[in-house]
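First up is the structure itself, then whatever we jot down about it.
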Amino acid sequence: MENSASGSFLRNRRLESFLETKSGPNVRETQKIPSKQVITRQRPNKTDAFIDDDGWIPTLISCVRIVTCFLAMMVTTFIWATIMLMLLPWPSQRIRQGNIYGHVTGRLLMWILGNPLKIEGTEFSNERAIYICNHASPIDIFLIMWLTPTGTVGIAKKEIIWYPLFGQLNVLANHLRIDRSDPRAAIKSMKKAVQAVKKHGLSLIIFPEGTRSKNGRLLPFKKGFVHLAIESGLPIVPIILTGTHLAWRKGSLHVRPAPISVKYLPPIKTDSWTADNINDYIKMVHDIYVENLPEAQKPISTDDTKNSSRS
């Protein structure tokens with residue numbers, strides 16, 4: 001009974017927090033937290049462990065949460081699609097509205113899923129920068145929607161346009177898409193991204209692995225984010241996600257109550273980077289991730305790290 005009451009109390013606190021929040025993400029409300037900032041929505045236990053229960057009751061609860069997430073996204077997507085259609089002549093305003101949509105929708109979806117969440121390093125979350133993030137779960141999308149600052153555009157695979165609702169809003173929000181099967185087209189899209197960044201004073205968000213990890217372990221990094229940094233001169237802010245691969249595994253419809261951690265690292269200056277040392281920069285950033293990820297999410301062998309400079 002005590003655990004049940006405690007859980008109910010925490011859920012009510014999270015609901016109150018969401019209803020009292022403005023359209024901006026939670027990180028904007030905590031800028032005054034000194035030095036090493038840590039935000040927790042729910043205190044995890046000492047071992048950050050959770051019970052991986054595949055029984056019918058947890059599975060049913062998970063299905064209800066996923067359906068609720070989908071319905072909530074339908075509502076918010078319809079609202080912001082209407083807004084952005086009215087803003088068709090003003091692309092910069094559509095980008096801003098796309099960010100506000102992400103802040104509201106991402107936070108709402110994370111509240112519905114209910115995973116314990118810890119956020120660190122928010123003093124680095126409002127930089128004008130290229131944000132990069134490891135990718136192992138659909139939850140990663142919700143988190144970056146919520147936690148990237150206003151004035152950020154994403155770079156995604158061109159197939160995203162076929163995702164119901166989300167893909168069409170991605171186009172309206174002026175986010176960029178690349179054809180990963182055509183290197184020439186991908187390079188052209190990258191140049192377009194840099195032009196947009198410089199023209200409108202934007203930030204970028206990109207998954208440097210280029211795809212989602214099947215088991216949560218870090219994959220080799222592609223070269224795209226380094227090319228973007230060299231062309232734009234923007235610093236790189238690494239975002240380290242841990243636990244999302246346990247919370248919602250690839251190919252599964254069962255969301256588990258695994259604790260999740262989001263950690264922003266200090267910006268990496270790139271204004272002196274040159275095209276001659278691209279592989280060195282990729283390895284350097286990849287090594288930063290390896291150093292900060294838990295053992296279960298590090299590459300299985302050193303070969304994975306070496307391969308990051310060949311992709």
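Computed from heavy atoms alone, side chains included, the values below leave out hydrogens, waters and symmetry copies.
With Glu209 contributing its side chain and Leu219 its backbone, the two residues share a donor-acceptor pair below 3.5 Å. Here the side chain of Arg65 pairs a donor or acceptor atom with the backbone of Leu113 at under 3.5 angstrom. A side-chain donor-acceptor contact under 3.5 Å links Tyr131 to the backbone of Ser125. Put simply, the side chain of Lys198 gets close to the backbone of Glu231: a donor and an acceptor are under 3.5 Å apart. When atom types are taken as modelled, the side chain of Asn134 and the backbone of Leu218 share no donor-acceptor pair closer than 3.5 angstrom.
Residues Asn215 and His245 approach most closely at O-CD2, 3.5 Å, considering heavy atoms.
A donor-acceptor pair shorter than 3.5 Å can be found between the side chains of Thr274 and Asn277. Side-chain contact of Asn170 with His175: a donor-acceptor pair under 3.5 Å is absent, judged by distance alone. Between the side chains of Thr270 and Tyr281, no donor-acceptor pair of N or O atoms lies under 3.5 Å.
The distance between the ring centers of Phe207 and Phe225 does not fall below 6.0 angstrom.
Judged as a salt bridge (charged side-chain N to carboxylate O under 4.0 Å, His left out), and not counting sequence neighbours, the contacts of Glu295 are Lys298. Residues that satisfy the side chain to side chain contact (heavy atoms under 4.5 Å, CB included) test with Tyr163, not counting sequence neighbours, are Lys157, Ile160.
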Test side chain to side chain contact (heavy atoms under 4.5 Å, CB included) applied to Ser203 and Ile130, step by step: CA-CA 6 Å; Ser203 294; Ile130 297 173; over 6 Å; no

